[in-house]
Amino acid sequence: MKLAVFVSDYRMTVDTLERLKPEKMGIILVQNGVYHASVKEKGKTSSILDSSADLFALKEDLETRGIDPASIDSKVKVVTFGDVVDLIFNDYEKTAWL
Amino acid sequence: MKLAVFVSDYRMTVDTLERLKPEKMGIILVQNGVYHASVKEKGKTSSILDSSADLFALKEDLETRGIDPASIDSKVKVVTFGDVVDLIFNDYEKTAWL
Amino acid sequence: MGKLTIGCFASLVGSTNLDFAVKLAGAALDKGHKVDLWVSGNGTMLSLQDQRAFKDYSYLEKPVKELMEKGLNVTACEACAEARGYHDSNTLEGVKRFSMDWYLGSTFDADRVLHIGGE
Amino acid sequence: MGKLTIGCFASLVGSTNLDFAVKLAGAALDKGHKVDLWVSGNGTMLSLQDQRAFKDYSYLEKPVKELMEKGLNVTACEACAEARGYHDSNTLEGVKRFSMDWYLGSTFDADRVLHIGGE
Amino acid sequence: MATTKLGFIVQRPGYKSENPKLALTHAIASQSVEIYLDDEDEVTCDVAFIGDGVLNCIKDQKAVENYQLNSTESHIKMALLCDLNIFVCKEDLDKYGLTENDIVLDANEMGGDLEVKVVPYEEITKMMEEMKHLLFF
Amino acid sequence: MATTKLGFIVQRPGYKSENPKLALTHAIASQSVEIYLDDEDEVTCDVAFIGDGVLNCIKDQKAVENYQLNSTESHIKMALLCDLNIFVCKEDLDKYGLTENDIVLDANEMGGDLEVKVVPYEEITKMMEEMKHLLFF
């Protein structure tokens, strides 16, 4: 299965993400999920960035929170709403909003 | 300060509770917060039960979730809505809903 | 006897935040306290008239009306309500609508304030 | 070109869940996809007519109307709406109201489904 | 004739938000979806409780008595009556020290035959693979 | 003449729920509360950002551009213009590696004099002790 997972929170209250083991996974950081791409706690980046999944963060949601898209972790690709549509249709088969 | 703290979630997304150091504290478990009084994870009770605060859990919210009030941890006193009113007015001066 | 001001901001019908606020208000009134209830944010949905009673959804119109008869003072944040399409014309009878300063005014002489924020 | 069915359940005005759903729907329509948007739970607040535009609150009535002109199909859960006091008579023009089976029906021939649940 | 399979995954406890309940009511709505479909086409729904979502399955929920609200328990029973597959993750029950004695298992008293399936997480992964679309609550 | 002091504590990031914004708009409403009070009585509001709440203070929030929504940043500036005390927990900024350069500090461009106070958590504890009522967001 090819799965696009949307992460919309910074503090996650579910442990689903680490349990999903699809053949191909993309993690799309949206809303407060975008902090995973930019914020370090005590110098450490979010454990989500250690994932082997392809990582994306929504430009609009970064900017809304005062985060310069150019400043985020290099593992994460900045995407627009249009890009998200293409990811959903072209690169993955199913979606999960955690 | 005498503070009554309401905990309404099982997975807390804030670290405020452990940082509050009032002279006197009561923790009132309500809504999904009542799981702290009853659920063990891998045999371990919730760390909230290690607090030196006085602990209370709302009877109605225990029952709603299928938890027998008689079965909860002995550190936690079962209270009704009426008891909560008395706690707020008689035992504490300020409240915090986390 | 004292005065309790409750503010309820987070509000999901079907969650129990508004239910909790209403039940606590009832318990405080029963003990002879004066109670002000301020609903803001999505909590303003409490103020819309003509909600239908289903057993699958919280139905607070009836208990709120009963508590208002016992003296419960309910006020909804006017801007929060208007933004959602709740207007004067479709507000539950007896519920007042004011600006946010009403809530602060209510806390002035309150003995206790319970602010239900959360998420 | 495909069909995308979006379901939006959690909805806080002022959060960006409904905003996100509406913007994603717009982006998909712009790329020539067909889009169904199902709002249930508190998401049904999208369907109430006559919401006032303030810069402090999400104001989706206008963008939703524009997207409906471009073909966006918006349906609100009838029971969820009724429970909140949103009736046929105060539903935003163009928004349909059906039972929950409509959402499942929409997924039948959808190429992709994005279900926005969460909290 | 075609079938679209939906997988509903409930990962949070109930009552805080409506979502766990709405997962069940939407899944149950598959019983009447044919009015939107051609003859013999159908949409089926499997429901899985994982993580803290398994707390929804604890039995004897007194939601009507305390909040005049139908319990999640009653919705699980209704789903069983409609012959929906309901999976509960065994590892997560174990984590909480919950057994089959503690959870809703059947709707026998309402005349239902189907039982809740307590299964290893691996089976739920398999279910997710088989579904056309996934809906996480 | 009496004063009731309220302490607003913002402990979560913005935009997910309206609450951080409503904390500020309610605190700002202290400017007009006198219509409900006797002469010379007043209600004052101090606002403190702690924990993940400090993320609300990051500057250059483009919420209007992206969501046609006033930013939390603009509300913080408005609160400063109204001479409200705004505290930001220094330990939490440090935890995130944020400095005063990264956050909203003043509303100079709108003619405000007051600045955000970056203070140790201990000062925020002291503020909480002094307030008559606390409101956590």
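Naming: A, B, ... by sequence-line order, numbering from 1 per chain.
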Note to self: In the structure I gave you, are the side-chain heavy atoms of D:D56 and F:H75 within less than 4.5 Å of one another anywhere?
What the structure shows: yes

Check: Measuring heavy-atom distances to chain D, does F:T25 have an atom under 4.5 Å in its side chain, in its backbone, in both, or in neither?
Finding: side chain

May I have the list of side-chain donor-acceptor pairs in residues 40-51 of chain F shorter than 3.5 Å, sequence neighbours left out?
| unit_1 | atom_1 | unit_2 | atom_2 | d |
| --- | --- | --- | --- | --- |
| F:D41 | OD1 | F:A2 | N | 2.8 |
| F:E42 | OE2 | F:T3 | OG1 | 3.2 |
| F:D46 | OD1 | F:N85 | ND2 | 3.3 |

Check: What distance do D:T16 atom OG1 and F:Y15 atom OH have between them, rounded to the nearest 0.5 Å?
Finding: 9.5 Å

Notebook entry, point to check: Would you say D:K62 has more than 12 foreign heavy atoms packed within less than 6.0 Å of its NZ?
Noted result: no

Note to self: Can you tell me if F:K90 has over 12 outside heavy atoms packed within less than 6.0 Å of its NZ?
What the structure shows: no

Margin query: Is it the case that over 12 heavy atoms from other parts of the model lie below 6.0 angstrom from the CD atom of F:E109?
Written below: yes

Check: If only atom types and distance count, is the side chain of D:K23 paired as donor or acceptor with the main-chain N or O of F:N66 below 3.5 Å?
Finding: yes

Item checked: Shortest non-hydrogen separation from D:Y57 to F:L69 and the atoms involved -> C-CD1, 3.2 Å

Check: Does CD belonging to F:E122 count more than 12 external heavy atoms closer than 6.0 Å?
Finding: no

